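Keep in mind that this is a model prediction, so the values were computed, not measured. Reminder, nothing fancy here: chain letters follow the sequence lines and each chain counts from 1.
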Amino acid sequence: MEYNFRQIERKWQQRWVDTQAYLVSNSSNKPKCYVLDMFPYPSGAGLHVGHPLGYIASDIYARFKRLKGFNVLHPMGYDAFGLPAEQYALETGQHPAVTTAENIETFRKQLDNIGFCYDWSRKIQTSQPEYYKWTQQIFLQLFDSWYNRHAAKAEPIDLLVRIFEAAGNHHHECPGDRSIRFSAETWNESTYEQQQEILMQYRLGYLAYAEVNWCPALGTVLANDEVINGVSERGGHPVQKKKMRQWFLRITEYADRLLKGLDEITFSDAMKDMQRNWIGKSQGAEIKFNIAGSMESVVVYTTRPDTIFGVDFMVLAPEHELVDGITTDEQAEAITAYKEYVQSRSERERMAEVKLITGCFTGAYAVNPFDGRKIPIWISEYVLAGYGTGAIMAVPCGDQRDFNFANHFSIPVTNILGDAFDGKEANPTKEGKLFNSDFITGMEMKEAMEAVTTKIENLGIGKRQINYRMRDAGFSRQRYWGEPFPIVFRNGIPEAMDVKDLPLELPHVEHYTPGEDGEGPLANITDWVNLPAAPGSSLRRETNTMPGYAGSSWYFLRYMDPHNTETFCDRKISDYWGQVDLYIGGTEHAVGHLLYSRMWTKVLFDLGHIGFEEPYKKLVNQGMIQGSSRLVYRVRGTNQFVSAGLRAQYETDEIHVDVNIVDGLELDTAAFKNWRQDFATAQFILENGKYICGTLTEKMSKRLFNTVNPNVIVEKFGADTFRMYEMFLGPVEQSKPWETKGIEGVHRFLKKFWRLFADEQKGLLVKDEAPTPEELKVLHNTIRKIEEDTERLSFNTAVSTFMICVNELTDLKCNKKAVLEQLLVLLTPYAPHVSEELWALIGNSGSILDAPFPVFEAKHVTESAKEYPVSVNGKLRTTINISLDASVEDVEKIALSNEVIQRWLEGKTPKKVIFVKGKMINVVI
RNA sequence: GCGGGUGUGGUGAAAUUGGUAGACACGCCAGACUUAGGAUCUGGUGCCUCACGGUAUGUAGGUUCGAGUCCUAUCACCCGCACCA
């Protein structure tokens, strides 16, 4: 009776399917637990051993929670819309739906091989109409909502219309354009078109003109990650900015709540910081500066109103609307030239030359509202049009960029920092007193910020202002393979489709080439785009599609109620499952997916569709599994390969070799000859009869021949070994290289574990005898450690605990059923197949998946004595076994009379003896 | 430049509250069984030293009876953001 993992795993995987072992009910008396993986994009490359790391971790946790008596939701699906499939379609002519289906099948087979406990009846796929119907429906809710800043929540747009009819927009500043102000009369007299224009400025899903990356050579619009250093990733063609009308989500209205929400959820500090950084909240003030000899004024944004007396010049963004109006005749030519220069600068140049200081004087002067000083107004590309007011007051003694600029253009610098400013570099401190600053001289900076801001507001020349770095999220893609927008344009005005007509299905196309002027491929299907309309009017569909993150922004809700045809998720069911308790996925989604889905959740909460506003209670980012590449060394100009240890004697070239034909470091030379034609005649210079490869840790990639397919590992060692080895590699959050060789240790462990139960010759060994205290001690120490470690996701230490336990039980020759049976339950989350098999083998009829989790009993592990480490002056000198009941005096006496300690004392009397009960003894001389 | 993280044997790592550094594995060395072993088992394995002992958690300081763990400075690597006023 040997451990035949292939047979065992096939058998139980089939059994679990047959018995619907992983089917989860939406009603239960048990407490709930929702364990979610970030669903994968089914790429053509399939999974490599790096991908399942997080899936295994969440699977173990889900199974553990089930054993602990929870009703566990643990689903899986596919994020199936995306650029690569469309790109592949462009190249091969195969429809993305076809290749996506094929890829999904490959993924599914690979996943099934590993023995996950997913409830596949809840599978979702974002590219299926049954799913994206609801993505479209939620989008319409965004379109039909606005953010009421007073109530701090989203509300239906109809409410806003009623407010406008009664009172105009005086109490509800327009988020799209602060300058829009109107009364009820104006609103009521406006045309439908005008009203719709205004509403668009309020909607959470809205249309606006914005720049996209337009690549004329490819005739298409590129995503940001397809543009590398200003040229297209594919082909290296130049990319221009092009203004197009596109959809946006007004996520900026949620900036503050997204920020505050971070305090309530368990994400890593790094993750929270990334999000905070991305949102980029800053508090400051807007201050109006009049322009000397002009009726115009400039509003600047500053976070340091306290430095108002240190302003030496002002800088506008070159695109600022006032620039042309204020430029003097003498400077007009220079300004025009500078603006042209800025226009000509590609994104790439600006990125590459951040340190380059450029700018141009407009000839105009602003007047400092406090001391009346005239300060020159410049323009420079270091001031961005899109942030704040597109204008800054420059304080060179306190801001390094301003200082560099002043230095470069020889603008005199005013010192308001006293000795804290050395004239050589700016000092951006917020701690200290101000000098040379009129009414705030001598005041602490923080106090002065408040004082100046208050004065500005009293004088009516400015106000407190909070700004965010975050921009509204672009929600249009000029692409085919995404959700179509449920929007039609009646005479150019967007209207929501009727919800009962959803889904608006993606029409089938034969060609994936872009439409004219950067429109998506859908624009080419004229009979889909153009709808029948009354004479003299037009009715056209939106030709953009939604971006990849649309479907993933709410998918965690659909898993709860995946087959509902009435709503995206029944409120009672989302109330039952609630937030995701544990969400596992990669860091790459730190600010994209995770921010968008947090926003969508808040909107759905505001509109009353769900009862919570943070989707993920706890997030864990699994580390990357890197590849451990293998290198061979070819003697230059020959077909001779020299083993790594001898290569210093030759001039060699490094060549990556397929890791699958290397055992540890030893190259299979025969396989190498077969690997590639040009190596068929390879000759080897060996060391100790072996060819030893070099190693390099780098990204796992086909190109580097260091990818390992989990199927290969599962075939060779079994899924249980694979699962445990992935966990054994190290902490889940940490990145580490994959080393196939190491898996043998875990495999040996499972075989050793098996031998506690059964033997090749003697068959079943398990006995019904009562366990000894020693055996119980081993068992209960293990129960405690496994329970603790699994709960805190420390799976690597849990695996080694199992190893220690099995080593000890083997030494004790323990085959007692009472011990082994409990151990099996502990092991189930980690190695479900072998656990089920042995569970049945020792005579249980039911499945182990719902067995009661062992209960730790302290009485089995209490000790009466301890081997104390005894140090002299902090250095360990010996250990002494002393009873835990011994008094302090006894312990001191025993320690000091010890032979080794006596020797170190050299007859001296110790200054003091430190004794920490149960820990250690330290003798200080 | 800013923010975050990580530095421990030949390798992956452990040390949960400051208390025996290197658990558990891989690799390596020696041995047993064997026709054979890339199967299995036993023992050893941080470094220096015959040994007593010394020394060791990136580097340099500090706090403490005691520091991988706390504090300060510094270096290296990884990740994210990058002219955000």
Side-chain angles (χ1 to χ4, degrees), chain A residues 268-278 280-282 284 300-304 307 315 350-351 353-357 380-384 386-395 398-402 404-405 428 467-470 587-588 590-591 621 623-624 626 628 663-666 668 695 697 725 728-731 733-746 748-749 751-752 755 760 785 788-789 792 794 796-797 799-804 807 810 867-879 910-916 918-925:
Chain A
S268 69
D269 288 344
M271 188 62 51
K272 286 186 178 181
D273 276 333
M274 272 189 236
Q275 295 212 348
R276 285 194 191 104
N277 200 301
W278 184 263
K281 181 177 182 171
S282 74
V300 300
Y301 174 67
T302 180
T303 53
R304 294 296 303 274
T307 62
V315 188
R350 286 184 70 158
M351 302 252 273
E353 300 166 15
V354 166
K355 292 273 137 60
L356 192 71
I357 298 168
S380 171
E381 58 182 337
Y382 86 88
V383 174
L384 308 175
Y387 184 77
T389 60
I392 63 159
M393 57 179 225
V395 182
D399 183 286
Q400 193 57 42
R401 287 179 325 254
D402 296 347
N404 293 344
F405 193 87
N467 271 335
Y468 299 96
R469 176 158 55 206
M470 181 168 67
T587 352
E588 65 272 23
V591 287
N621 296 109
M624 263 214 303
Q626 294 144 309
S628 182
D663 179 42
L665 297 178
E666 190 186 348
D668 181 340
T695 65
T697 298
Y725 182 54
F728 187 61
L729 281 174
E733 299 96 323
Q734 204 169 300
S735 289
K736 56 247 159 183
W738 173 267
E739 209 47 85
T740 301
K741 193 72 182 168
I743 200 169
E744 286 166 21
V746 176
R748 271 198 275 272
F749 153 74
K751 284 199 269 193
K752 196 166 176 180
R755 282 198 302 274
E760 283 176 47
K785 186 93 169 95
E788 272 177 21
D789 285 358
R792 67 187 175 103
S794 180
N796 55 327
T797 52
V799 174
S800 64
T801 300
F802 281 122
M803 290 174 168
I804 293 167
N807 288 346
T810 304
E867 186 81 14
Y868 278 98
V870 187
S871 308
V872 176
N873 286 339
K875 280 204 165 62
L876 179 73
R877 293 305 174 192
T878 188
T879 60
K911 281 196 195 119
K912 81 174 123 161
V913 176
I914 289 163
F915 170 59
V916 182
K919 290 282 185 193
M920 44 65 70
I921 300 161
N922 187 15
V923 180
V924 184
I925 310 175

Counting any heavy atom closer than 4.0 Å, what does [X] reach on the DNA or RNA strands: base, sugar-phosphate only, or nothing?
| X | answer |
| --- | --- |
| A:Lys911 | nothing |
| A:Asn796 | sugar-phosphate |
| A:Asn807 | sugar-phosphate |
| A:Glu744 | sugar-phosphate |
| A:Thr801 | nothing |
| A:Asp399 | nothing |

Any [X] side-chain heavy atom under 4.5 Å of [Y] side chain:
| X | Y | result |
| --- | --- | --- |
| A:Asn873 | A:Val924 | yes |
| A:Leu729 | A:Gln734 | no |
| A:Arg792 | A:Thr797 | yes |

Pick the [atom1] atom in [N] and in [M], then give their distance to the nearest Å.
| N | M | atom1 | result |
| --- | --- | --- | --- |
| B:rU45 | B:rU34 | C1' | 26 Å |
| B:rU57 | B:rG4 | C1' | 23 Å |
| B:rC79 | B:rG31 | P | 46 Å |
| B:rG7 | B:rG54 | C1' | 25 Å |
| B:rG27 | B:rU11 | C1' | 7 Å |
| B:rG10 | B:rU16 | C1' | 29 Å |
| B:rG46 | B:rC28 | C1' | 14 Å |
| B:rC78 | B:rC70 | P | 24 Å |

Would you indicate which nucleotide in [options] comes nearest to any side-chain atom of [X]?
| X | options | value |
| --- | --- | --- |
| A:Lys751 | B:rA14, B:rC65, B:rA39 | B:rA39 |
| A:Thr797 | B:rA85, B:rU55, B:rA15 | B:rA15 |
| A:Lys741 | B:rG27, B:rA21, B:rC41 | B:rG27 |
| A:Leu876 | B:rA21, B:rA85, B:rG19 | B:rA21 |
| A:Asp789 | B:rG66, B:rU16, B:rU20 | B:rU16 |
| A:Met274 | B:rC81, B:rG80, B:rA23 | B:rG80 |
| A:Ser800 | B:rG3, B:rA23, B:rG19 | B:rA23 |

Need the pair for [N]. Rule: Watson-Crick or G-U wobble, both distances under 3.5 Å, any strand; none if unpaired.
| N | answer |
| --- | --- |
| B:rC83 | none |
| B:rA56 | none |
| B:rA15 | none |
| B:rG68 | none |
| B:rG37 | none |
| B:rC77 | B:rG5 |
| B:rU42 | B:rA30 |

Nearest-Å distance for atom pair [atom1]/[atom2], residues [X] and [N]:
| X | N | atom1 | atom2 | result |
| --- | --- | --- | --- | --- |
| A:Ile804 | B:rA13 | CD1 | P | 18 Å |
| A:Gln275 | B:rC81 | CD | C1' | 13 Å |
| A:Asn277 | B:rC79 | CG | C1' | 13 Å |
| A:Lys281 | B:rA85 | NZ | P | 14 Å |
| A:Asn873 | B:rC65 | CG | P | 11 Å |
| A:Ile921 | B:rG19 | CD1 | P | 16 Å |
| A:Glu788 | B:rA14 | CD | C1' | 15 Å |
| A:Tyr725 | B:rC26 | OH | P | 10 Å |

Taking all non-hydrogen atoms of both residues, which atom of [X] and which atom of [Y] are closest, and how far apart?
| X | Y | value |
| --- | --- | --- |
| A:Ile925 | A:Lys911 | O-NZ, 3.6 Å |
| A:Thr810 | A:Lys752 | OG1-CE, 3.6 Å |
| A:Tyr301 | A:Gly388 | CB-CA, 4.1 Å |
| A:Ser871 | A:Asn922 | O-OD1, 3.3 Å |

(request) Measure from the side-chain N and O atoms of A:Asn467 to the backbone N and O of A:Ser282, and report whether any donor-acceptor pair falls under 3.5 Å. (result) no
Enumerate the protein-to-nucleotides 8-12 of chain B contacts in which both atoms are nitrogen or oxygen and the separation is below 3.5 Å.
from	atom 1	to	atom 2	distance (Å)
B:rG12	O2'	A:Leu729	O	2.5

May I ask you to verify if any side-chain N or O of [X] is less than 4.0 angstrom from the OP1 or OP2 atom of [N]?
| X | N | value |
| --- | --- | --- |
| A:Arg877 | B:rG53 | no |
| A:Tyr301 | B:rA85 | no |
| A:Arg469 | B:rG3 | no |
| A:Arg748 | B:rA25 | no |
| A:Ser268 | B:rG4 | no |

(request) Classify the side-chain pair A:Gln626/A:Thr697 by whether it contains a donor and acceptor separated by less than 3.5 Å. (result) no
(message) Ignoring hydrogens and geometry beyond distance, is a side-chain donor-acceptor pair present between A:Thr587 and A:Asn621 at under 3.5 Å?
(response) no
(request) Let me know, please, whether A:Ala391 or A:Ala270 comes out on the 5' side of the other along RNA chain B by nearest nucleotide. (result) A:Ala270
(message) Can you classify the ring geometry of A:Trp738 versus A:Tyr725 as parallel (below 30°), tilted (30 to 60°) or perpendicular (above 60°)?
(response) perpendicular
(request) For the pair A:Phe405 and A:Tyr382, name the ring-plane relationship: parallel under 30°, tilted 30 to 60°, perpendicular over 60°. (result) tilted
(message) Give me syn or anti for B:rG54, where syn covers glycosidic angles within 90 degrees of 0.
(response) anti
(message) Can you tell me whether the side chain of A:Lys785 and the base of B:rU16 have a donor-acceptor pair closer than 3.5 Å?
(response) yes
